[in-house]
Protein chains: 2
Amino acid sequence: MVRVRTRTAGQAYTIREAAALTGLPASTLRYYETVGVIGPVSRGETSGHRVYDEEDLDQLMWVACLAATGMSVADMRTYVTNGQLGVQAAQEQIQLLTEQERRLALEAERVALRHRYVRLKIDYWHAVAAGDSARTQQLSKQAAALAAELTGTTQQ
Amino acid sequence: MVRVRTRTAGQAYTIREAAALTGLPASTLRYYETVGVIGPVSRGETSGHRVYDEEDLDQLMWVACLAATGMSVADMRTYVTNGQLGVQAAQEQIQLLTEQERRLALEAERVALRHRYVRLKIDYWHAVAAGDSARTQQLSKQAAALAAELTGTTQQ
DNA sequence: CCTTTGACTTGAAGTACTTGAAGTTCCTAG
DNA sequence: CTAGGAACTTCAAGTACTTCAAGTCAAAGG
């Protein structure tokens, strides 16, 4: 299937192409538009199909990054509209991002803990498979110690 | 806050501890119980609070592994109620956990990357607020480079 | 003893998509 | 030109959690 572009200036993309380029499914692109995370995309004159240009793609790339950091749709909407405002919104942008940073730091901690726990469990089952009951008990204790350590550290 | 375990044999965990160890939020643990992905968890005599033991934790670990591989709740329920979960050999459990460990290593990487990205954006908006256009442009470039990395690793 | 603080409980509502149905429109091949 | 299939459209419903509200329970301080 060879696709021919009719536009002379700038590129035009179908929703499928935009999805492939941003890494977001087409359904999500439509969803983001309906909830206002991105502005309305222009439509084909006769077809009513969405036509994405480079600018739309840029904005979508940006939103894809925010989504990847775990930002909520409401915050993304705020963030995008603030971004278009420029300097006066900088303070708010910084606040939004600082909150996001804190969340990510917490997330990193949680992942590290889980990682340690899973490694311990792997060792445990190796010991079980080997019939090493001394080591089995030892590792079981370590897991309990890890659990004890986590009491009080896992606020949220 | 000193936590005293009343059980003489085996460990008892609160929902918060179970959540931290399995990596699933407490709300998800409750949800999994209500929809039958895991069996009913025993409750504190007077409190009615959920009390997780080692066996519950193990079962939850497997379910967490299955969920991480993208298995639907319906399939997980089928899998568990068919009793295939309890019968699993140590070898298979080790394999599942090893895969989980790999995923966690990846997850840690992704979180670190997102963290860097957000910090960069914070710097960016600080530069914007300060009117430092040279630094603004520099950081914008850096963010774009990181964004490319981020969207590349976020595929699934 | 009483109050406060914090973790827990349930159930209902909200969130962020995803999927499915039913109906155009585009494109290629006959 | 016309038929057929792929890709698009909207809207409604489904999914997998998540958050909120209202209330219970337990330990610590006054």
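A note on names: the letters A, B, ... follow the listed sequences, proteins ahead of strands, and every chain is numbered from 1.
- With B/D56 as the partner, the side-chain contact (heavy atoms from CB on, under 4.5 Å) test is satisfied by one option alone out of B/V51, B/L29, B/V41: B/V41.
- Using a 4.0 Å cut-off between a side-chain N of Lys or Arg and a carboxylate O of Asp or Glu, A/R114 and B/E107 do not qualify as a salt bridge.
- The distance from atom CZ of B/R16 to atom P of C/dA7 is 6 Å, rounded to the nearest whole Å.
- Nucleotide C/dG6 holds its C1' atom 15 Å from the CD1 atom of B/I15, rounded to whole Å.
- A heavy-atom distance below 4.5 Å is not found between the side chains of B/D132 and B/H126.
- Look at A/S47 and you won't find any side-chain N or O under 4.0 angstrom from OP1 or OP2 of D/dT9.
- A/E92 is not listed as a side-chain neighbour of A/Y79, based on a closest heavy-atom distance of 4.5 Å or more.
- A sub-4.0 Å separation between OP1 or OP2 of D/dC8 and a side-chain N or O of A/T14 is present.
- Counting non-hydrogen atoms of other residues, nucleotides and ligands closer than 6.0 Å to CD of A/E99 gives a total above 12.
- Per the geometry, OH belonging to A/Y13 stands 21 Å off P belonging to C/dC26, to the nearest Å.
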Protein within reach of the bases, or only the backbone? For nucleotides 10-17 of chain C, mark each nucleotide 5' to 3' as B, S or -, using heavy atoms under 4.0 Å. B-----BB
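- With DNA chain D read from its 5' end, the first of the two nearest nucleotides for B/T46 and A/A26 is the one closest to A/A26.
- If you take OH of A/Y52 and P of D/dA7, they are 16 Å apart, rounded to a whole angstrom.
- Under the 3.5 Å distance criterion, the side-chain polar atoms of B/E17 are matched with a main-chain donor or acceptor of B/T14.
- As a whole-Å value, the separation of B/E45 CD from C/dC8 P is 19 Å.
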